[in-house]
There are 2 protein chains.
Amino acid sequence: MATIKDVAQHAKVSVATVSRVLNNDPKVRAETKEVVERAIDELGYSPNLLGRNLRRSSTHNILVLLPTISNQFYSAIIKGIREEATLKGYNVMIGITDLDVNIEMNHIQLLENKLVDGIIFFTPQIAKSTLTRLGKVYPIVQCSEYVEGAKLSLVSIDNKQAAFDATKYLIELGHKHIGLITSKKVYTSSKLREEGFKEALTQYQLPVNEELIYYTDYTPQCGTEAAKALLTRKTPPTAIFTISDSLAIGVIRGLKECGKKVGVDIDVIGFDNTFISKFYEPTITTISQPRLEMGKKAAKLLLNKIQNIDSANETIFLPHELMIRQSTK
Amino acid sequence: MATIKDVAQHAKVSVATVSRVLNNDPKVRAETKEVVERAIDELGYSPNLLGRNLRRSSTHNILVLLPTISNQFYSAIIKGIREEATLKGYNVMIGITDLDVNIEMNHIQLLENKLVDGIIFFTPQIAKSTLTRLGKVYPIVQCSEYVEGAKLSLVSIDNKQAAFDATKYLIELGHKHIGLITSKKVYTSSKLREEGFKEALTQYQLPVNEELIYYTDYTPQCGTEAAKALLTRKTPPTAIFTISDSLAIGVIRGLKECGKKVGVDIDVIGFDNTFISKFYEPTITTISQPRLEMGKKAAKLLLNKIQNIDSANETIFLPHELMIRQSTK
DNA sequence: TTGTAAGCGTTATCAG
DNA sequence: CTGATAACGCTTACAA
């Protein structure tokens, strides 16, 4: 494998000159540049980034930490991140945490070890204080799901307002008994969505009936169970707001199994506008997040931090949108 | 940020000794080791891997190249890869190619640049000859979708046999007119599946009716169109085999829209056993691939290649399984 | 068992 | 405009 030294010898110049050509230093004579470039071609030389990285003490790699890869939701966000990053010459890598703090810490290690220049975190499990401390030393930003109160740059949507809007829409449809199916793990987003849900009820003078709130996991299976359970309440809901599309799918299935016609007998709203919500039967009313934009913004915030770790933390909430489909009416 | 030098000074030993402790060299005296470890703790030292990597000329990073992140199919495979890799002290990173040759080449660059030690390729778009040439120099293995004839290690399923089995099952159910919805891009897998499909028909003395073969893309939308188109044929199919679950979803929807009852009037088989196939309505008969195992095997093959780039290429086909559900009967 | 010092492949400073 | 050379942080002969 050819090194910069080989190129230098081949081109009869110093390694410094080769390095300059490699880095587009304007003060190389055009002819010299040509000679060097020919040598590079002839030797099939490709710079060893291990050397460069050590010298520059940076890799131009950024890491995106996802809780799982099996969630359609992230794909557009990643695309946004990549677009922005590539523009600035950064490479994007993805790591999967399985929501395991240890795996998260392993990846933080990559930052300490200088193998990546920054991290965009989705759904961090690390404690707030740790996160804040790390954020002072390393470029880290949070995206979408986040730890409330951690002092880091952050881009997300206004989850409370989004839930408020969804609930308000159901209320305006005439519903008086609205169920909520949410996560039993206390994610910031689910907490905020529950708040928004309750606030809408209160604001429209409807009672908050805890019997109609069901805590469970993010899977369709859980959605099915939850729906069936809610139907057994003294006053069963005539509409259900779920905090994810995957839950909504299960909910609809459960309702169907109980002989309910979704969108007619009972309304359902999901969250995230993942592709399946457009394709299930019925199609599912849901909240859309500006995912591409979110990715781009997150990358921008991170690049800022990489440039200047002491730059002020920013909190950005992007606008959401209620997508009305067949599952409500 | 503390370096190995700082630790050495702090512990009053040489950097060599610190390095030995870091690498668990058995010939350091226990007391010395302790002193060094205390120094490491006190300084909060964490080795800069850029230095180590340069010196060792390896990173212990492997890269998994996916065509897209929005396919549920990959998640279990990645898990398998990670399990195996972690066991051997390797880190797994994921890159997304969007099926773009340039992006693929960018990532190959990481290999030339020594930033990753090897690559596991899903759905490479690079030409066979290029791939073969690269495979001689760098550790690269193919997984699941692959370039036929490229001389690289490879783990997948026997796609032809799988399609044969699915078709045979439909034939044994009594179907005489079976449709095939497959990809119009010629992936190896779709080519092989088409072959298996035709071979089953032939072997059971059924005519191969090209009118019942529909070429399209991998999306549900395309599946819907395809299904509707097939229903307009002179002799419409009484069963449809699709080469992916996402297509199958669309197909089922299209059939429903035409008033057909899937699993009763007409049967549908998908491919990949992704989570939605278990959760759609009806649940979808499909071919299951041993994804976890596939990931583990792929990682093993890659690690072999990393150890010895000249080790013989292996081709491994793992067993598939027909999962019978409501969409056929 | 430990220390000295060379070297991995770059970039950047400084002198010319 | 170009060259010599130190330095980045680490590992590993080789010597002691």
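In what follows, chains carry the letters A, B, and so on, assigned in the order in which the sequence lines appear, proteins first and then strands, with residues in each chain numbered from 1.
Non-hydrogen atoms lying under 4.0 Å from DNA chain C are contributed by Leu54(B), Arg55(B), all within residues 41-61 of chain B. Scanning residues 1-16 of chain A for heavy-atom distances under 4.0 Å to DNA chain C yields Thr3(A), Ile4(A), Ala16(A).
Comparing the axis of the opening five pairs of the helix from dT1(C)-dA16(D) to dG16(C)-dC1(D) with that of the closing five pairs yields an angle of 40°, rounded to 10°.
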Give the table of side-chain donor-acceptor pairs shorter than 3.5 Å for residues 293-306 of chain B, with sequence neighbours excluded, one pair per line with atom names and distance.
unit_1    : atom_1 : unit_2    : atom_2 : d
Lys305(B) : NZ     : Ser311(B) : O      : 2.7
Lys305(B) : NZ     : Asn313(B) : OD1    : 2.8

List, one per line, each side-chain donor-acceptor pair under 3.5 Å for residues 55-63 of chain B, sequence neighbours excluded.
unit_1   : atom_1 : unit_2    : atom_2 : d
Ser57(B) : OG     : Lys114(B) : NZ     : 3.3
Thr59(B) : OG1    : Asn61(B)  : N      : 3.1
Thr59(B) : OG1    : Leu115(B) : O      : 3.2
Thr59(B) : OG1    : Asp117(B) : OD1    : 3.1

Below 3.5 Å, can you tabulate the donor-acceptor pairs from side chains in residues 24-34 of chain A to any protein atom, sequence neighbours excluded?
unit_1   : atom_1 : unit_2   : atom_2 : d
Asp25(A) : OD1    : Lys27(A) : N      : 3.0
Arg29(A) : NH1    : Glu31(A) : OE1    : 3.3

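Asp6(A) pairs by the salt bridge (Lys or Arg N to Asp or Glu O under 4.0 Å) definition with nothing, not counting sequence neighbours. Residues satisfying the side-chain hydrogen bond (donor to acceptor under 3.5 Å, both in side chains) test with Asn113(B), not counting sequence neighbours, are Ser46(A).
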Problem set entry | side chain to side chain contact (heavy atoms under 4.5 Å, CB included) evaluation trace for Met105(A) with Asn102(A) | CA-CA 5 Å; Met105(A) 284 317 238; Asn102(A) 294 318; 5.6 Å; no

Problem set entry | side chain to side chain contact (heavy atoms under 4.5 Å, CB included) between Thr3(A) and Asn48(A), worked out | CA-CA 7 Å; Thr3(A) 74; Asn48(A) 179 329; over 6 Å; no

Exercise. Side chain to side chain contact (heavy atoms under 4.5 Å, CB included) between Asn91(A) and His107(B): does it pass, once the steps are laid out?
Worked result: CA-CA 9 Å; Asn91(A) 214 302; His107(B) 283 98; 4.3 Å; yes

Exercise. Could you go step by step and tell me if Val64(B) and Ile77(B) meet the side chain to side chain contact (heavy atoms under 4.5 Å, CB included) rule?
Worked result: CA-CA 10 Å; Val64(B) 176; Ile77(B) 305 188; over 6 Å; no

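With a cutoff of under 4.0 Å to any heavy atom of chain A, the contacted region of DNA chain D is bounded 5' to 3' by dC1(D) to dG9(D). Put simply, chain B comes within 4.0 Å of DNA chain C, heavy atom to any atom, from dT1(C) to dG9(C), going 5' to 3'.
Sorted by first then second residue, the side chain to side chain donor-acceptor pair (under 3.5 Å) pairs that include residues 120-141 of chain B, not counting sequence neighbours, number zero. Within the structure, no pair that satisfies the ring pair (Phe, Tyr, Trp, His ring centres under 6.0 Å) test touches residues 3-31 of chain B, not counting sequence neighbours.
Between the side chain of Gln142(A) and the backbone N or O of Val147(A), at least one donor-acceptor pair lies under 3.5 Å.
Looking only at atom types and distance, the side chain of Glu148(A) has no donor-acceptor partner in the side chain of Thr188(A) under 3.5 Å away.
Interatomic distance, Leu66(A) CG to Ile78(A) CD1, rounded to the nearest 0.5 Å: 4.5 Å.
Within a 6.0 Å radius of NZ in Lys88(A), other residues, nucleotides and ligands contribute more than 12 heavy atoms.
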